[in-house]
Structures are given as C-alpha cells and as structure tokens.
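All figures in this text were calculated on a predicted structure; none of them were measured in a lab.
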Amino acid sequence: MGNVNPDEPVVVGAGLNGSGNGSSGELVSKLDVEAAALVGADGAVRLRAVPLGFEVGDDGKRTRLIAAMVDPSDLEAADELAVLCGLPVVRRPVSAQEFEALVRKAFGATAAQMAARLAGESEQTEDELLANLQAVEADDVQRMAEQPTLINLVNLIILEAIRARASDIHIEPFERRLTVKYRVDGVLREQTSPPKHLQAAITSRVKIMAGMNIAERYVPQDGHITLRFEGRKVDIRVSTVPTIYGESVVMRILDKDSISLDLETLGMRERDIQTMDRLVGLPHGMVLVTGPTGSGKTTTLYAALMKLYDPSRKIITIEDPVEYELGGVNQIPVNPARGLTFASGLRSILRQDPDVIMVGEVRDGETADISVRAALTGHLIFSTLHTNDAVSAIGRLLDMDVEPFLVASVLEGILAQRLGRRICASCAERAPLDEAVQHRLRADELAMFDAGGSWRGRGCDECEGSGFRGRIGYYELLDLTPAMRAAITSGRTGAHELLATAKSDHVTMRTDGLVKASDGLTTVEEVLRATQDAEEPEAPAP
C-alpha cells in the first residue's frame, strides 16, 4: 500500500493534464497506449480501470499515472494498479460505456487478434504440429500454459464470452484446427480459431485454472473456476472429455448477475404468475417443472424459491450441481462417489425439519417415492422431470411405480417450459409472415397475426446483427383439478383424457409462445422451433 491516498480527491471530468472537461471521444483520442499496456487487457477488465497517460514533472520524469476507473472508490483496484505501474494513481471516474470504448482503443482487445499474433510465432507445418501434439509431455504443457501471453489469451477468451452474455464456451479439437464457440441466447457462434499448435497449452491452462489434473488426458474430468469480472463474482463449471484429436473442453458460465430470478422478467404472463403464486404459497404438496436439458427449469425453480423465501421457513435444496448460490437457502450438491445421491440426500433432508424442499431432478423410482411421501406428510416439494409436456409428467411418475392415488393426492401443479430467443428491442420491426410458416399454423393461430403480420429483429449493434438479444420462456402451466385427480385415481391417464379434465382456459406452450410472438417479444419461427417436440396430443380414434 502507499501508492494510493484514499483521502486524495478524485479528479472529476479532468483531461489528462488534470483540467478541463473531456468527453468520451476526447478520452479515446488522448489515450496513451503505452500507459495502457502496463496492465494489459485482462488486467484492465479485471480491475475495471484503464491507464490514460502520465503526469510529467519539470524534469521530464513521470510523476503520476492518470487512470480511468468505473469505480474510483475501489481502493484495492487502484492500489494494485499503482503497484503494477510503479506510480501513484490519479483516479478519474468514467461510465461503463466510456470504459468499453477505452478498452477497445487501448488493446484492440480481442482474443482473435491475440491468437493471430500467436499463430504468427510458429513456423511449423501442420504435419509437424500434429506430430508434436502427440509427443508433448505434461511438464512441457505446464510450462507452456504458464507463459504470460498464453495466459492472456485464455483470459480474453473467457472475458469476451462473459461480455457477450454467453452461457457456455466450447473449445473443440479437430484434425487440423482448434475451434472456439460461444453459446449466446441458446445458439453456438463460432469465434476466430486459435492456432492448432496451442491446443495442448490452452487446454492445460484451462485445467490449471479449474484445479484439474493436467497430466491425465484420457479420462473425463470436471473442475471449477471462480473469477472476478467487473466487480462481481462469476463461477465457471469446466468439463473435459477425450476425443480422437485431443480433449474437448466446455465451460458453463454461471453469472448470477446476468440472470433474473423474477418470473415476469423470465417471460411468464400474468395469468400464469398468479397461478404460480398460489402454488408456491401452499403449505404442502408437489410442484413439478418439466422440459429438456437447457430449457431453464432450474432458473424457474430458483425464482419460485426466492418468491416464497421468508426467515420463518426452512428451505433446503439438493442439486446436481448447485448452479447459483441463493441467500438464506441451504443448498446441498449431490456426490454419488461418496454415496450422496438424490434419494439418500432426501432422506437426510427430511431429518433437518424443512418446510420447503427442492429436489434437482426426480430420476428414479426411489427418489420419486420419497418425494411423494414427503409431500404427503406436510412438506412443499419442488422438482424437475424430463418430459416433453406438462401432462406427460403424470405418466412418468406412474411409470416409476408411484401409486396413482398418491400422485392424485400430492401433485398440485406442473409447469412445462421451453426457451426461445427474444427479439432485440432496439431493432424490432413489423414483418409479414413467411408463407412456409403460415402453412404450419392452424386457422385460429393464424388469426393472431392478421392485423399487422409478425415481428422480427432487423439487426443492429446492440444484438450484433442477429436480431435477437436474450431469451424468453414459453410456458404451459397445468393446474390440477378435482376431475383430473379422479381420472388419475381411476387409471384414465392418457394425455388426451387428462387434458379433457383440465381447466377450460388451459394454454399450451405453443399457444403461449404464439401470443408472445404476436406481442413482438419473439418470432413465430422461434416458437415453432422450440415447441415442436411438445405438439398437442391427438384425440383417440373413435
């Protein structure tokens, strides 16, 4: 410490010489790239600070560093900056937008550019690179993975993914190239590829960060990275599997600040929110959320838990794995290697005097039976199932040998859901329905779009030309009725028979999505794509 004086006034609106009012454009134009290079791109993003230039004394020597900071009150970041640069720091506040512009100007800070520079350092042929990849030793890989330039490249790959709102990073090895892809809004986007000869080093660097064994390259491994990004904590789950051309790496980015645990923000309509409010307010019973992997089931359950959280309630979850930490909630990760499964963990949870229990997934008959009996004895149980629609969850429980009268007694509601891309609000515009799409809609569905056609995103800087920004849920909420409970008990469990006993205003996922498409929130194509495996069941033949 000692390079930053916390009592020193922050220079507000000052130019590089400490006076005048500089606009964002002036800051960028006056930026001293040599000063910025003292911290590097990853350091600037981590500290949320960009060195702008130097104050120079009468003798021509540098006396102080002038730095633009998003949070000039962050004295730890300012002190680290002072240590890195070897000068006292004058802190200048800037907006997040100004900071982004400065980073782009200072570093040309893209992983693609750094990868291109690293690719130029190798004069080996492709065949030589492939041969060397087979022969590389673990010690050599660790040494390569600790080179500062390679560290910066991997850091930038991760930081750019977080900045792009990616949910996953895929690093995939092929015979003559290494690909990097970001999953943004549910769709994979290929990035500029790093050079093939860095494959082993990049993979090992990620494994070092995740606390994995870099010497073991022939069995799958799992790890975890925690890093700081723009003042917040981001967790990353890392998975590696061996392929014929090396290890494939997938990093799942768990950024709690980037998601909303609010049902309305997730896209649920008011009529469904009111039903969910009633379900989460029940003293006991079972509520299920169904859908395929990646459909947002866990996020919806987290939103439900946050809605009912109260210090007077004991809430316990058992998950595989724990995706986000929830304040005030006891969360247990399963660990099959040590005998902690959903079933065994659930038995222990019941001895913890809980009021509300969330089971990450009902996978087998034992877990289903314990969950149902826990709901029957006064607990409110939330869980997930992998079924295509809401009504199929009833049949799935029966297939797990849960007695029909127990299912009818404890099941209160089933929410089926999918995720589709949300139209970018900055470039949304009216567009006619494509003829091929019209043929896939029924007459009543087509009538929703008669007034002015559908909507689309034109493409702009906000959405990087895709026309989409963010995702929205399509929901089907099945609220069990007395007639439906009677049908389950009597063995009338066909999908069509059960839906015939549902409330008259029951809405399928497809209809819910089309309503949102007609409101300009998503596109008809997205709705049809996301809900095609959950078509309404046909009536049985007479």
Side-chain angles (χ1 to χ4, degrees), residues 1-58 61-111 152 155-156 158-165 226-234 255-260 426 461-462 464 469:
M1 300 290 286
N3 289 304
V4 177
N5 182 359
D7 298 322
E8 178 186 332
V10 174
V11 182
V12 179
L16 297 189
N17 59 0
S19 63
N21 293 319
S23 69
S24 176
E26 290 173 336
L27 280 178
V28 172
S29 65
K30 293 179 180 179
L31 176 75
D32 185 336
V33 177
E34 181 186 351
L38 294 174
V39 296
D42 58 319
V45 173
R46 181 172 55 82
L47 299 173
R48 305 178 77 193
V50 177
L52 297 172
F54 305 98
E55 285 187 358
V56 179
D58 294 336
K61 292 184 177 180
R62 298 167 178 172
T63 57
R64 296 199 296 180
L65 177 78
I66 300 172
M69 299 185 68
V70 176
D71 180 11
S73 64
D74 187 347
L75 294 180
E76 288 186 8
D79 191 70
E80 184 174 341
L81 191 65
V83 172
L84 286 172
C85 301
L87 289 169
V89 174
V90 177
R91 293 160 283 149
R92 171 167 183 175
V94 291
S95 67
Q97 291 77 15
E98 289 173 326
F99 175 73
E100 291 286 343
L102 287 168
V103 168
R104 285 193 295 269
K105 169 68 175 178
F107 308 107
T110 68
N152 288 341
N155 288 349
L156 276 177
I158 296 173
L159 295 175
E160 285 183 354
I162 298 172
R163 193 181 293 120
R165 302 177 296 105
T226 300
L227 54 82
R228 178 186 177 195
F229 176 75
E230 295 185 349
R232 65 183 190 269
K233 188 180 82 166
V234 177
D255 183 1
K256 186 178 179 182
D257 289 348
S258 69
I259 67 164
S260 172
S426 299
D461 291 340
E462 286 291 318
E464 297 182 357
R469 184 171 176 84

Tell me, do Phe54 and Leu65 make a side-chain contact under 4.5 Å, heavy atoms counted?
yes
If I take atom CG from residue Asp74 and atom CG from residue Asp79, how far apart are they, to the nearest 0.5 angstrom?
10.5 Å
Test item: Leu52 and Leu102 side chains (from C-beta on) under 4.5 Å apart, heavy atoms:
yes
Note, Arg62 side chain near Leu87 side chain (heavy atom, < 4.5 Å):
yes
Contacts of Glu464 that satisfy salt bridge (Lys or Arg N to Asp or Glu O under 4.0 Å) - sequence neighbours left out:
Arg189
On a heavy-atom basis, the closest approach of Ala49 and Met69 is CB-CG, 3.7 Å
If every non-hydrogen atom of Lys233 is compared with every non-hydrogen atom of Asp255, which pair is closest and at what distance?
O-OD1, 4.4 Å
Is there side-chain contact between Val50 and Val94, with at least one heavy-atom pair below 4.5 Å?
no
Between Pro51 and Asp32, is any pair of side-chain heavy atoms under 4.5 Å apart?
no
List for me each residue that meets salt bridge (Lys or Arg N to Asp or Glu O under 4.0 Å) alongside Glu76, sequence neighbours excluded, and say none if there are none.
none
For residues Arg91 and Leu75, determine if any side-chain heavy atom of one lies less than 4.5 Å from a side-chain heavy atom of the other.
yes
Taking every heavy atom of Pro72 against every heavy atom of Val70, the minimum-distance pair comes out as CD-O, 3.6 Å
Shortest non-hydrogen contact between Ala67 and Leu81, atoms and distance:
CB-CD2, 3.4 Å
With sequence neighbours left out, write down each residue that passes side chain to side chain contact (heavy atoms under 4.5 Å, CB included) with Ser95, or none if nothing qualifies.
Gln97, Glu98
Hey, what do you get for CG (Leu227) to CD1 (Ile162), rounding to the nearest 0.5 Å?
5.0 Å
Is there a side-chain contact between Ile158 and Val234, using heavy atoms and a 4.5 Å cut-off?
no
